[in-house]
Amino acid sequence: EVQLVESGGGLVQAGGSLRLSCAAAGFTFDDEAIGWFRQAPGKERELVSCITNEDSNPFYAASVKGRFTISSDNARNTVYLQMNNLNPDDTAVYYCALVFGMRHMSCPTWASHYDFWGQGTQVTVSL
């Protein structure tokens, strides 16, 4: 059974940093794509960043490019999202999501393309 568990959220002041982790279980990294999404109250879920297992060119939303970095540790079956220079607009519940079958493909940018989801971790950025 595939399981995704996010951690690392919390309360941080504007300008601060957090590192989110997505620990995956129930499979071995091979041809999947993992995405980090976020959803703020009253807003749609949006893709923040995604990466495939073979990817050297991860995707970043324009709003986070240059501030966030996605990385994976295949040995630990974990994907990270390093978030720097946070601002209040980054406040949201952050989810990691997984889809298989992405060999030689770019990671999907639509939430509906992902088959497995974690429970989410809250990130709150104060002024």
Side-chain angles (χ1 to χ4, degrees):
E1 178 185 2
V2 173
Q3 289 186 324
L4 302 173
V5 179
E6 302 97 334
S7 61
L11 173 64
V12 64
Q13 287 188 324
S17 299
L18 286 173
R19 188 177 80 157
L20 305 183
S21 299
C22 173
F27 70 99
T28 301
F29 280 11
D30 182 23
D31 65 352
E32 70 290 332
I34 291 185
W36 281 101
F37 289 78
R38 67 185 181 187
Q39 188 165 21
K43 294 187 177 181
E44 293 187 357
R45 191 168 297 191
E46 64 170 348
L47 178 65
V48 173
S49 181
C50 63
I51 190 170
T52 64
N53 190 47
E54 59 190 7
D55 205 348
S56 60
N57 188 28
F59 169 87
Y60 295 98
S63 58
V64 307
K65 193 171 292 186
R67 301 187 297 123
F68 291 12
T69 303
I70 191 171
S71 62
S72 64
D73 183 341
N74 289 1
R76 297 177 182 266
N77 264 27
T78 301
V79 174
Y80 303 98
L81 186 68
Q82 177 67 42
M83 307 187 296
N84 298 328
N85 194 21
L86 286 160
N87 62 65
D89 289 338
D90 297 315
T91 295
V93 178
Y94 283 70
Y95 301 89
C96 65
L98 168 74
V99 59
F100 292 109
M102 293 290 110
R103 194 179 305 280
H104 305 314
M105 299 174 67
S106 298
C107 52
T109 57
W110 292 98
S112 59
H113 290 170
Y114 290 80
D115 297 318
F116 302 94
W117 291 81
Q119 82 289 350
T121 185
Q122 175 71 46
V123 171
T124 303
V125 184
S126 64
L127 287 170

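One is the number of the first residue; the rest follow in order along the sequence.
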With rounding to the nearest 0.5 angstrom, report the [atom1] to [atom2] distance, [X] to [Y].
X      : Y      : atom1 : atom2 : value
Gln13  : Leu11  : CD    : CG    : 8.0 Å
Cys96  : Gln119 : SG    : CD    : 7.5 Å
Arg38  : Arg45  : CZ    : CZ    : 13.0 Å
His104 : Thr52  : NE2   : OG1   : 10.0 Å
His113 : Cys50  : NE2   : SG    : 12.0 Å

Checklist entry - Any link between Val123 and Leu4 through a network of hydrophobic side chains (Ile, Leu, Val, Met, Phe, Trp, Tyr) touching at under 4.5 Å? => result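 In one cluster with Val123: Leu4, yes.
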Item to check | Common cluster, Tyr80/Tyr114, ILVMFWY with side-chain heavy-atom separation under 4.5 Å | outcome: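 Result: no, two separate clusters.
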Looking only at non-hydrogen atoms, find the nearest pair between [X] and [Y] and report the distance.
X     : Y      : value
Val99 : Asp115 : CG2-OD2, 3.7 Å
Asn84 : Ser17  : OD1-OG, 2.9 Å
Leu86 : Leu18  : CD1-N, 3.9 Å
Ser72 : Val79  : CB-CG2, 4.0 Å
Pro58 : Ile51  : CG-CD1, 4.1 Å
Val48 : Val64  : O-CG2, 3.6 Å

Indicate yes or no: at least one non-hydrogen side-chain atom of [X] is less than 4.5 angstrom from one of [Y].
X      : Y      : answer
Ser49  : Leu81  : yes
Tyr60  : Thr69  : yes
Met105 : Asp31  : no
Leu20  : Met83  : yes
Phe116 : Glu32  : no
Leu127 : Pro88  : yes
Arg67  : Asn87  : yes
Cys107 : Met102 : no

Checklist entry - Between the side chain of Thr91 and the main-chain N/O of Val125, is any donor-acceptor distance below 3.5 Å? => result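 Yes, the answer is positive, given that a donor and an acceptor are paired below the 3.5 Å cut-off.
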Checklist entry - Are any side-chain N or O atoms of Glu6 and backbone N or O atoms of Gly120, one a donor and one an acceptor, separated by less than 3.5 Å? => result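 A pair under 3.5 Å: yes.
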Item to check | Proximity of Trp36 and Phe68 rings by center, below 6.0 Å | outcome: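 No, too far apart.
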Next on the checklist: Pair Arg103, Asn53 - check side-chain contact (heavy atoms from CB on, under 4.5 Å), show working.
Outcome noted: CA-CA 8 Å; Arg103 194 179 305 280; Asn53 190 47; over 6 Å; no
Checklist entry - For the residue pair Tyr95 and Trp117, does the interplanar ring angle fall in the parallel (under 30°), tilted (30 to 60°) or perpendicular (over 60°) class? => result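 Tyr95 and Trp117: perpendicular rings.
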